[in-house]
**Q** 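Dropping the structure in here first, questions after.
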There are 2 protein chains.
Amino acid sequence: MAQFAKVMGHPVRLYILQKLVKKNACCYSGNLINEISISRSTLSQHLKELKYSGLIEGEIEGPYIKYCLNKENWAKVKMLFEKVFDIYENYIED
Amino acid sequence: MAQFAKVMGHPVRLYILQKLVKKNACCYSGNLINEISISRSTLSQHLKELKYSGLIEGEIEGPYIKYCLNKENWAKVKMLFEKVFDIYENYIED
DNA sequence: TCATTATTTCGCAAAATTACGAAATAATAT
DNA sequence: ATATTATTTCGTAATTTTGCGAAATAATGA
């Protein structure tokens, strides 16, 4: 869980994740580069890290690479965080 | 949110947070040092960072310092994360 | 084949994080 | 006052992260 939190702990990576969380959302490096002021190589590194962590996956689509959420792993992360937050919630309610 | 995720992105800090999430839980540096194999100064730094981020607060209690969750901020973080996870959940359910 | 477009890897520098031991602080007890 | 206990700050070293530009790769189109 700390690993996942760490990956989410960078504004660029969190931005990308938040985009991809939406239904069937996907993004492209060349697309993101217009929204974020960062060099292409740096963006590429962040995408690589997100991919390596298992939170997203990339698929070649013509000359582009289409990135989207890895739904299975995202569900896992969601559960890990919710477990921690729910412990708190269960205790606070009395 | 990235800031909070970053703070949670270290195993020692996450460990401490998970302890404190339980009802009225608190901890002491000298207490934690027996559970985590890390030097006192390093532990102190992590506590400082947690405090600086607003996730925990410390209170002097005799010769000890009692740390506990900052409930207000924890609730904020919980909401921030839940919002992101809920977006996903709302979309996936159809 | 050669040029073009999209994107990544490489090499490297700057900055931030992590970790430690020694010294400092702060409260209590003798 | 002095010693003891709990904990933090300071100085510093090692490691990791972040970021960039240049070169490399890979697919498409002329």
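If you're wondering where the values come from, they're calculated on a predicted model, not measured in any experiment.
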**Q** Figure out the OH/P separation between B:Tyr64 and C:dT25, and round it to whole Å.
**A** 23 Å
**Q** Per the side chain to side chain donor-acceptor pair (under 3.5 Å) rule, which among B:Lys6, B:His10, B:Arg13 passes with B:Glu49?
**A**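 Exactly one pass, corresponding to B:Arg13.
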**Q** Choose from D:dT9, C:dC20, C:dT7 the nucleotide whose nearest atom is closest to any side-chain atom of A:Tyr28.
**A**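 Looking only at side-chain atoms, A:Tyr28 lies closest to C:dT7.
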**Q** Among D:dC20, D:dT8, C:dT8, which is the nearest nucleotide to the side chain of A:Ile65?
**A**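 The answer is C:dT8, which lies nearest to the side chain.
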**Q** Would the number of heavy atoms belonging to other residues, nucleotides or ligands and lying under 6.0 Å from CD of A:Glu61 be above 12?
**A** yes
**Q** In chain order, what residues pass the side-chain hydrogen bond (donor to acceptor under 3.5 Å, both in side chains) check against A:Lys19, with sequence neighbours excluded?
**A**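 Residues passing side-chain hydrogen bond (donor to acceptor under 3.5 Å, both in side chains) with A:Lys19: A:Glu35.
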**Q** Taking atom C1' of C:dT5 as reference, at what distance in whole Å does atom NZ of A:Lys66 sit?
**A**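 Taking atom C1' of C:dT5 as the reference, NZ of A:Lys66 is at 20 Å.
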**Q** Counting heavy atoms from C-beta on, name the nucleotide in D:dT8, C:dT8, D:dG19 closest to the side chain of B:Tyr67.
**A** D:dT8
**Q** What's the separation between atom CD1 in B:Ile65 and atom CD in B:Glu59, rounded to the nearest 0.5 Å?
**A**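 If I round to the nearest 0.5 Å, the distance is 10.5 Å.
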**Q** Is there a side-chain polar atom (N or O) of B:His10 under 4.0 Å from OP1 or OP2 of C:dA16?
**A** no
**Q** Calculate the interatomic distance between A:Ile38 atom CD1 and C:dT8 atom P; express it in whole Å.
**A** 12 Å
**Q** How are the rings of B:Tyr28 and B:Tyr64 set relative to one another: parallel (under 30°), tilted (30 to 60°) or perpendicular (over 60°)?
**A** perpendicular
**Q** What integer distance in Å separates A:Leu47:CG from C:dA6:C1'?
**A**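 The distance from CG of A:Leu47 to C1' of C:dA6 comes to 13 Å, rounded to the nearest Å.
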**Q** I want to check one thing: is the phosphate of C:dC20, taken as OP1 and OP2, less than 4.0 Å away from some side-chain N or O of B:Thr42?
**A**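 It does, given that an N or O in the side chain of B:Thr42 lies less than 4.0 Å from OP1 or OP2 of C:dC20.
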**Q** Check the distance between C:dT7's C1' and A:Ile36's CD1 and give it to me in whole angstrom.
**A**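 About 15 Å, once rounded to whole Å.
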**Q** Given that A:Pro63 and A:Arg40 both sit by DNA chain D, which one's nearest nucleotide is further toward the 5' end?
**A** A:Arg40
**Q** Within the 4.0 Å heavy-atom criterion, would you say A:Glu49 contacts the bases, only the backbone, or no part of the nucleic acid?
**A** sugar-phosphate
**Q** I'd like to know if A:Ser39 reaches the base of D:dG19 with its side chain, counting only an N/O donor and acceptor under 3.5 Å.
**A**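 Counting by modelled atom types and ignoring angles, no donor-acceptor contact under 3.5 Å is found here.
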**Q** Measuring to OP1 and OP2 of C:dA19, would you say a side-chain N or O of B:His46 lies under 4.0 angstrom away?
**A** yes
**Q** Mapping A:Ser41 and B:Asn31 to their closest nucleotides on DNA chain D, which lands nearer the 5' end?
**A** B:Asn31
**Q** With a 4.0 Å cutoff (strictly under), does any side-chain N or O of B:Ser29 reach OP1 or OP2 of D:dT8?
**A**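 Checking D:dT8 against B:Ser29, a side-chain N or O does come within under 4.0 Å of OP1 or OP2.
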**Q** Write down the distance between CD1 (A:Ile60) and C1' (D:dA26), rounded to a whole number of angstrom.
**A**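 So the CD1-C1' distance, A:Ile60 to D:dA26, works out to 8 Å.
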**Q** So, is B:Arg13 close to the C:dT18 phosphate, meaning a side-chain N or O under 4.0 Å from OP1 or OP2?
**A**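 So the side chain of B:Arg13 is within the cut-off, an N or O lying under 4.0 Å from OP1 or OP2 of C:dT18.
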**Q** What is the distance, rounded to the nearest whole Å, between atom CD of A:Gln45 and atom P of D:dT17?
**A** 11 Å
**Q** Between A:Lys51 and A:Lys6, which is nearer to the 5' end of DNA chain C once each is assigned its nearest nucleotide?
**A** A:Lys51
**Q** Check the side chains of A:Ser39 and A:Thr42 for a donor-acceptor pair under 3.5 angstrom, ignoring hydrogens and angles.
**A** yes
**Q** B:Leu43 near the nucleic acid: base, sugar-phosphate alone, or nothing, with a heavy-atom cut-off under 4.0 Å?
**A** nothing
**Q** Using whole Å, report how far CD of B:Glu61 lies from C1' of C:dT28.
**A**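 Going from CD in B:Glu61 over to C1' in C:dT28 covers 14 Å.
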